[in-house]
Amino acid sequence: MKGKKIAIDAYNAIYQFLAAIRQTDGTPLMDSKGRPTSHLSGIFYRTINIVESGIIPVYVFDGKPPEEKSAELRRRIEIKEKAMEKYEQARKEGEIRSMKKYAQMSSRLTNAVAEESKELLQAMGIPVLQAPSEGEAEAAYLTHKGYTWASASQDYDSLLFGADRLVRNLTLSGKRKLPNKDVYVDISPQFIDFVTLAKKLELSREQLIDIGILVGTDYNPEGVKGIGAKTALKIIKKYGSIENAIGKDLDEKDIDFDYKHIRKLFLDPKVSEPNSTIEMENPNEDRIREILVNEHDFNEDRVANGIARLHKGMKISKNMERQTGLDKWF
DNA sequence: CTTACCTA
DNA sequence: TAGGTAAGG
């Protein structure tokens with residue numbers, strides 16, 4: 001993927017950092033004022049790795065979520081509140097393992113966390129885009145239109161939103177811990193090309209969306225009762241669409257939501273055209289140091305080392321871009 | 001999650 | 001140099 005621009009679902013990445021970068025008992029990394037810094041650590045070091053590998057990252061931030069997502073957002077808040085209670089209980093009992101698990105589950109991506117992340121990326125000279133609504137939809141649009149070569153997210157929704165290429169596990173660390181166990185599994189980047197996928201499954205994007213709607217999406221979290229991935233695939237393969245299956249393998253009264261409207265949210269999401277060319281810029285070293293070292297107590301030597309790596313990575317990336325640009329002439 | 005350090 | 005582990009803020 002050297003020399004390619006990749007649209008990164010920023011909230012997806014930040015949320016993972018908030019959940020994962022913690023001590024054994026679940027305490028997040030914090031500065032001397034008690035503010036969380038896990039997101040800054042994750043963004044700083046991973047972005048440097050990505051740039052060093054020759055990829056040009058483009059971070060796409062969420063805007064205002066669509067009204068149709070509010071039930072799902074409420075559901076997530078409830079889960080977090082329950083996790084918070086369980087964390088308290090685990091803390092009283094001194095159950096370190098459980099403390100970490102429930103602390104991770106109660107991670108909240110606050111406004112401050114999102115804004116600080118943007119500021120750090122901008123100081124690093126990394127392109128940042130603000131989506132009007134769903135970041136994942138905007139990233140998919142950028143990829144579909146060729147502004148970026150692929151979208152990076154852990155969520156498969158990217159494909160429903162029309163991303164022609166999806167990269168999962170865009171990270172250099174080759175290990176991931178299995179939930180609740182001391183077992184690590186090897187993780188490597190996973191690349192999904194939509195055309196190849198659609199051919200293999202013999203499904204269109206619309207049909208993939210219908211399968212999603214049957215099993216449940218952010219806009220209808222419950223899905224259709226009794227229908228999981230296997231049945232949904234079977235039904236859409238057999239009838240081609242939800243409407244054709246209603247009255248046959250689908251009972252109309254089980255579909256208590258506007259599936260045509262949800263389909264449209266995926267097919268035609270609110271997105272915007274980028275208002276300038278998407279390029280990396282020279283890092284503002286002083287600003288990076290100001291944010292990480294002065295404001296948030298990062299180790300000066302580590303930050304200096306990171307900045308040096310970032311510089312070198314960008315230089316190679318820029319040279320490569322010039323060369324591939326030249327290649328087009330010959 | 002990523003880095004830094006230690007051991008074999 | 002690979003693999004395991006503690007620390008990072």
Side-chain angles (χ1 to χ4, degrees), chain A residues 1 6 8-55 57 59 61 83 96-97 99-110 112-121 123-124 126 135 152-155 167-190 283 285 287-314:
Chain A
M1 295 186 277
I6 298 197
I8 299 174
D9 180 358
Y11 271 44
N12 188 268
I14 294 169
Y15 185 78
Q16 285 179 24
F17 296 140
L18 290 177
I21 306 179
R22 288 169 183 269
Q23 291 169 226
T24 332
D25 65 357
T27 314
L29 297 192
M30 288 181 294
D31 61 21
S32 56
K33 289 182 177 160
R35 298 172 295 193
T37 55
S38 301
H39 56 301
L40 299 174
S41 177
I43 284 190
F44 185 61
Y45 293 115
R46 182 184 287 180
T47 304
I48 289 168
N49 283 333
I50 289 172
V51 172
E52 265 186 337
S53 77
I55 292 168
Y59 282 86
F61 282 78
I96 306 279
R97 273 227 94 74
M99 281 170 71
K100 181 162 188 184
K101 177 171 73 178
Y102 293 120
Q104 286 178 312
M105 286 175 72
S106 24
S107 310
R108 297 291 296 273
L109 208 168
T110 61
V113 163
E115 288 310 312
E116 288 161 10
S117 303
K118 271 184 216 172
E119 279 184 40
L120 175 61
L121 286 165
M124 292 172 76
I126 304 298
S153 172
Q154 293 305 96
D155 294 347
V167 180
R168 302 181 71 241
N169 308 325
L170 183 62
T171 145
L172 291 198
S173 135
K175 285 177 174 178
R176 180 163 305 164
K177 210 182 85 60
L178 256 35
N180 265 325
K181 297 190 181 97
D182 272 322
V183 179
Y184 285 81
V185 289
D186 281 332
I187 297 291
S188 50
Q190 179 188 13
E285 296 189 30
R287 184 68 188 128
I288 296 174
R289 262 192 292 271
E290 174 69 25
I291 295 172
L292 294 182
V293 180
N294 299 359
E295 288 180 31
H296 296 293
D297 308 318
F298 277 58
N299 179 285
E300 202 173 341
D301 293 340
R302 284 187 177 218
V303 171
N305 184 38
I307 292 174
R309 288 172 55 203
L310 183 64
H311 265 301
K312 204 176 284 178
M314 280 190 175

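Throughout, a chain's letter reflects where its sequence line sits, starting with A, and its residues are numbered from 1.
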Practice prompt. Specify the separation, in whole Å, of atom CG of Leu310(A) and atom P of dT3(B).
Written response: 13 Å

Worksheet entry | Leu40(A) CG - dT3(B) P separation (whole Å) | 15 Å

Fill in: Closest non-hydrogen atom pair, Ile43(A) against Ser117(A)
CD1-CB, 3.3 Å

Practice prompt. Indicate yes or no for a side-chain donor-acceptor contact from Thr37(A) to the backbone of Leu29(A) under 3.5 Å, with no hydrogens or angles considered.
Written response: yes

Worksheet item: Taking atom CD of Glu290(A) and atom NE2 of His296(A), what is their separation to the nearest 0.5 Å?
Response: 9.5 Å

Worksheet entry | Counterpart residues, side-chain hydrogen bond (donor to acceptor under 3.5 Å, both in side chains), relative to Tyr15(A) (two or more places apart) | Lys80(A)

Fill in: Exceeds 12 heavy-atom contacts within 6.0 angstrom, atom CD of Glu300(A)
no

Worksheet item: dT3(B) P sits how many Å from Ile50(A) CD1, rounded?
Response: 11 Å

Item to complete: Please report, rounded to the nearest Å, how far the C1' atom of dT2(B) is from the CG atom of Asn305(A).
Response: 12 Å

Worksheet entry | Integer-rounded Å distance: dT3(B) C1' and Phe17(A) CZ | 14 Å

All N/O pairs under 3.5 Å across the protein-nucleotides 6-9 of chain C interface:
residue : atom : partner   : partner atom : Å
dG9(C)  : OP1  : Asn299(A) : N            : 3.0
dG9(C)  : O3'  : Thr37(A)  : OG1          : 3.1
dG9(C)  : O3'  : His296(A) : O            : 2.5
dG9(C)  : N1   : Gln23(A)  : OE1          : 2.8
dG9(C)  : N2   : Gln23(A)  : OE1          : 3.4
dG9(C)  : N2   : Pro28(A)  : O            : 2.8
dG9(C)  : N2   : Met30(A)  : N            : 3.1
dG9(C)  : N3   : Met30(A)  : N            : 2.8
dG9(C)  : N3   : Met30(A)  : O            : 3.1

Worksheet item: Taking NZ, NE, NH1 and NH2 as the nitrogens, is one of them in Glu295(A) or Arg35(A) under 4.0 Å from a carboxylate oxygen of the other?
Response: no

